[in-house]
Every structure is written in structure tokens, then in C-alpha cells.
Amino acid sequence: MTPPPFLDEPDLRRWRACPRLHWLHRQGAAPTGQPPRVADSAEAAVALRASYAGAREIAAPRDEDDWDRAVAQTQLALAELSARPDPEAALLGACLASDDGARCRIDVMQRGARGWRLWRLRLGTVADAPDVDALAWAAHVAARAGWRLQSVGLLLIDTDFLYPGLGCYAGLFREVDVGPMLGSRPVAEWLVALQRGAQGREPPMPLVAPCAADGGCAYADHCHAGEPAPAAVPPAQALEILGRERAEQLRLAGHRSVLDVPLQALAEPRLRRAARAVQQGAPVREPGVAALAAHWPRPWRFLRIETIGLAVPIWSGTRPYQILPFQWTLGEATADGGWTLQQHLAEGQSDPRTDFVQRLLAALPPGGTLFAYQAGFERNRLRELAQRVPAQAARLEALAAGLVDVFALGRAHAYHPDQAGSWSARALWRAVLPGLGAQALDEPGLRSPLQAYGLSLRADTPPARRAALRAALARHGERQVRALQAYLAWLIEAG
């Protein structure tokens, strides 16, 4: 595949990370067009259009022919906007190409009193160095394309924004001028180096290459061909399962893996327990949970709450990234071996919290014991809901106070060697209860309930797909509480 004639911001990002990566990518393997920008996501696009009412928009180019059309459309649109009396006319998704071989797509170009204001959207609250690099690149391209610039900046999420509803997002974005920082970015020099680097010989691999960053490099096999494979320590036996600082100390003392660490070198019972489990190749379960269990009133109930924090809020009265519960699953195990399941999954049309509370409390009669994994999470959500629904605050606070933390029980009494040092529910279920499949969401391409629910909320998600996502969330919730119950039973067996 022939690489595109112009260099763009992804080329810059690759080159800054590793010149060899840039060279390899330009040797016929570069895709045409650019990867999707943040501003192309459905929620970001809605918020941008609402924030710049009446703005013209250039569709994202998909191939080289699209790029040519988009650049021509952008030049025409900017010329027309320049002639308008509106002093704040804006263009979304402007596509520009410079006379020195660079191009870019700019989220917002807005007229100002002394020229154009360039904005790059970031669905976050702080900027980073790559953001400034990208803006410096965009400013260079825009200036070389003949457009006078007044300012260059970032649109960041303002977490103080309270969404009033009805699609009104004015005030969601906080403008941050990065113009004073652009002088430290020699884009013209970078561009020359990029062009020479793409045409010359294959560069050597840098001493600090980002081979494992962001999921690994597609060219890792090429770069490491012919190298002897290192004798890797399996993750479950790596010193890091004992903590990074402790791992470094043990490595300096001559230890290579947990298998050769003397137990007496580990003062903390928790670390000694983990090392013993790895060295004997079998779980360690110390007695103690059974004695505690004798004092827990029946019935036993197991609670799992799922939450979402949207950068662009969709429910009135909520803020960006506010943690909002959307699903609860409640399993109940009775003394006679019975099991019942109750669930609630918010529909998404309105703020889910009040309905969430009402349904949860209706499913929880007085008495019994309520368990959660890493109960601090569920405890905090219940206390936040108590503030939202004051009429039920007393009951919610009582539930929060009475939660039993299964994570704390396991950490204090057990370790499975397949945990590989992780105490996340995902890692624990995979190690101790692999047959349940509780660690995975059985929906292709999605890793978490948050992703599945977020996709189900999108207006462009077909009804059949939305129904499939909701069914997957229900199954995942059921497996989570069943795993919680099974893990607690596994801990009690040790007594």
C-alpha cells in the first residue's frame, strides 16, 4: 500500500515515540486517512455542535480522495466564513494541507477579532505533551496554508458544569490557551526530519523504545527478529506480585522470582502467604473466615453495583465524569441451599438514581447479611445515593454500614497462585473460579459493563444491538454475584 503523500499528526506522534516505528509505517504499510479523532465520537460531536450553534462542518475523510475534497471544502468554507458579518463563525473538522507536505484535521476553527482561533478537543480535564505537539503541528499547517491565527488552545472538560438538559452544553468545555507553549515545538524542523526519516535507511531502535506501550507495537517481531528469546519468568511467579518496591529490593539481593525467595525474608503475613502459594503451586487458605461466618445472620445476600461516568453528561442535573450507578444485581443464598436473583438495569432516558434506589430497597427486606467485593466501592455509592434521595438516607446509610467486604476477607486469609499478584475481581474470578466465566463480558469487542452500557445509550445503536447489550449486562451481573458467593464459600471451606 502506498503511503499518503502528506505527513500528518499521527506520523508525528509515531516519530516522536520511535523513529524506526515511523520509518516502518511509511514503507508502504501506512493506512490512508487518519484514525478517528475524539471529536468524531457521537457524544463529543453532539456537544461540539451544541456549543458552536450554526457552525459548518467538514465530514471526516476516509481515504486520499476524501482528503482532497475535504481540503478544498475547508478552503472554500473558511473563505465564506471570513466574509460573514458574524464575528464568531466557526468550522468544525477543518481539513488543511500546507505547502511543505503536512496536513491536519482541526476540531474547531473559530473566527476572532485578529484571526482564527484553533481548538483541539480533549475529553479530559488536563492537557498533556502530545496535545501541545498536535496543536503546534496544526498551527504550523494552518499558517502555511495562509490562515492568520489569533490563538491556539485546548477544549477541556469543565467538571463544574451542571447539565441543564435539552441538549444545552454551553459551558461544558473549558478553553485553555497553549500559545505560549508552542515556541518549544520546532515543527518545521520536525517535518524535515520526518520527511528525511521516511526516505532514508531504517533507523536503529532507540535505547528506550515504546515496544510494549499501548498494547504493544505491530512491528515488534520485525525489530526483535534473530534475538535470543529471554528466559521469561511467568507473571504468576514474578517478584512484582509482592509489590514493585519489594521486587526491586529482592532483585538487588539476587532473587529472580518468587520461587527462590525464602519465606523468612518476608515479614508481612500477606506476602508470605502469597509466596508460599506460588512455591507450593497450590492455593493457601488459612482458617478464620468460618469463625466469622458463624456470626453473620442469614439470609446472605450478595450485591454488585455497576457505574458509569460520562465525559459528556446526558442526564439533567449531572456533571461530567460524575459516578452514576446504572445496574445492581442481588443474589441471595439461603441456609437450605436455595438461590434467588434480582436485578435492575436503568433504561437511560432519565437520571437513573431515584429509580435505582427505590428498586434496590424494595428488593432488600430487613435482616440478613449483605456482601460485596471491595465493599468500599458499593458503600460509597450507597452513601452518594443517600444524598440524592434524602427520604431513604437512613436505610441506605444502614446498608452501607453493614456491608461485609469479601475482598478484605480474602486478602487477610488466602492467596491463589494464578492471581499473579492482582486482587481485582476479574483476576480473582479467573484464578479461583475459572469455570464460571465471571471475569469476562460475553459481548464481542467490549471489555467492561461500562462500555456496554455506554454503547446502549447511543442514539445510533440499533434496537436489536441495544437489546443484546442489555442481555449481556444482565448475564454478567448474575455471574458476578454467583462468583462472589462461590468465592466466599471457598474461603469458609478452609475452616
Side-chain angles (χ1 to χ4, degrees), residues 1-41 60-67 95 97-98 100-105 120 122-124 127-138 140-141 185-236 238 240 244 420 422 440 444-448 451:
M1 184 182 297
T2 303
F6 284 89
L7 291 160
D8 49 31
E9 185 258 323
D11 287 307
L12 173 65
R13 188 171 60 247
R14 283 186 288 268
W15 176 76
R16 293 272 278 166
C18 175
R20 177 182 276 196
L21 172 61
H22 167 64
W23 185 89
L24 288 166
H25 195 77
R26 296 292 295 188
Q27 302 309 304
T32 56
Q34 286 182 299
R37 287 279 298 111
V38 169
D40 294 330
S41 67
R62 295 167 296 180
D63 53 34
E64 289 305 305
D65 290 339
D66 271 2
W67 259 105
C95 295
S98 68
D100 57 356
R103 70 184 180 191
C104 67
R105 186 158 181 257
R120 175 181 173 88
R122 178 178 174 86
L123 293 183
D128 59 17
D131 288 323
V132 181
D133 290 351
L135 280 166
W137 182 273
H140 174 90
V141 174
R185 267 65 176 181
V187 177
E189 295 176 18
W190 288 349
L191 186 54
V192 171
L194 280 161
Q195 291 164 339
R196 289 177 178 171
Q199 297 166 3
R201 289 187 170 188
E202 181 175 354
M205 192 163 63
L207 293 176
V208 184
C211 302
D214 299 324
C217 176
Y219 302 106
D221 290 343
H222 169 87
C223 292
H224 297 287
E227 294 181 1
V233 175
E240 279 69 23
R244 291 185 180 180
S422 174
L446 301 177
R447 287 180 51 82
S448 71
Q451 286 181 307

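One-based numbering along the sequence shown.
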Which atom pair, heavy atoms only, marks the closest approach of [X] to [Y]?
X: Ser98; Y: Phe6; value: O-CE2, 3.6 Å
X: Trp23; Y: Gly200; value: NE1-O, 2.7 Å
X: Asp11; Y: His25; value: OD1-CD2, 4.5 Å
X: Met205; Y: Cys223; value: SD-CB, 3.8 Å
X: Trp67; Y: Cys95; value: CZ3-CB, 3.6 Å
X: Leu7; Y: Leu194; value: CD1-CB, 3.8 Å

With side chains defined as the heavy atoms from C-beta onward, is the minimum distance between Cys104 and His140 less than 4.5 Å?
->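 Result no, sub-4.5 Å side-chain heavy-atom pair not found.
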Does any non-hydrogen side-chain atom of Pro10 lie less than 4.5 Å from one of Arg13?
->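 The answer is yes, as the side chains (C-beta and beyond) meet within the 4.5 Å cut-off.
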What's the verdict on side chain to side chain contact (heavy atoms under 4.5 Å, CB included) for Arg122 and Asp128, showing C-alpha distance, side-chain angles and the deciding distance?
-> CA-CA 10 Å; Arg122 178 178 174 86; Asp128 59 17; 3.5 Å; yes
So, the side chain of [X] versus the backbone of [Y]: is there a donor-acceptor pair under 3.5 Å, distance only?
X: Gln195; Y: Asp100; result: yes
X: Trp137; Y: Val132; result: no
X: Gln27; Y: Ala198; result: yes

If the threshold is 4.0 Å, N to carboxylate O, is there a salt bridge linking [X] and [Y]?
X: Arg185; Y: Glu9; result: no
X: Arg244; Y: Glu240; result: no
X: Arg120; Y: Asp131; result: yes
X: Arg105; Y: Asp8; result: no

Please identify each residue that fulfils salt bridge (charged side-chain N to carboxylate O under 4.0 Å, His left out) with Asp66, with sequence neighbours left out.
->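 Result, salt bridge (charged side-chain N to carboxylate O under 4.0 Å, His left out) vs Asp66: Arg62, Arg69.
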Who are the salt bridge (charged side-chain N to carboxylate O under 4.0 Å, His left out) partners of Asp65, not counting sequence neighbours?
->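 So Asp65 forms no salt bridge (charged side-chain N to carboxylate O under 4.0 Å, His left out) with any residue.
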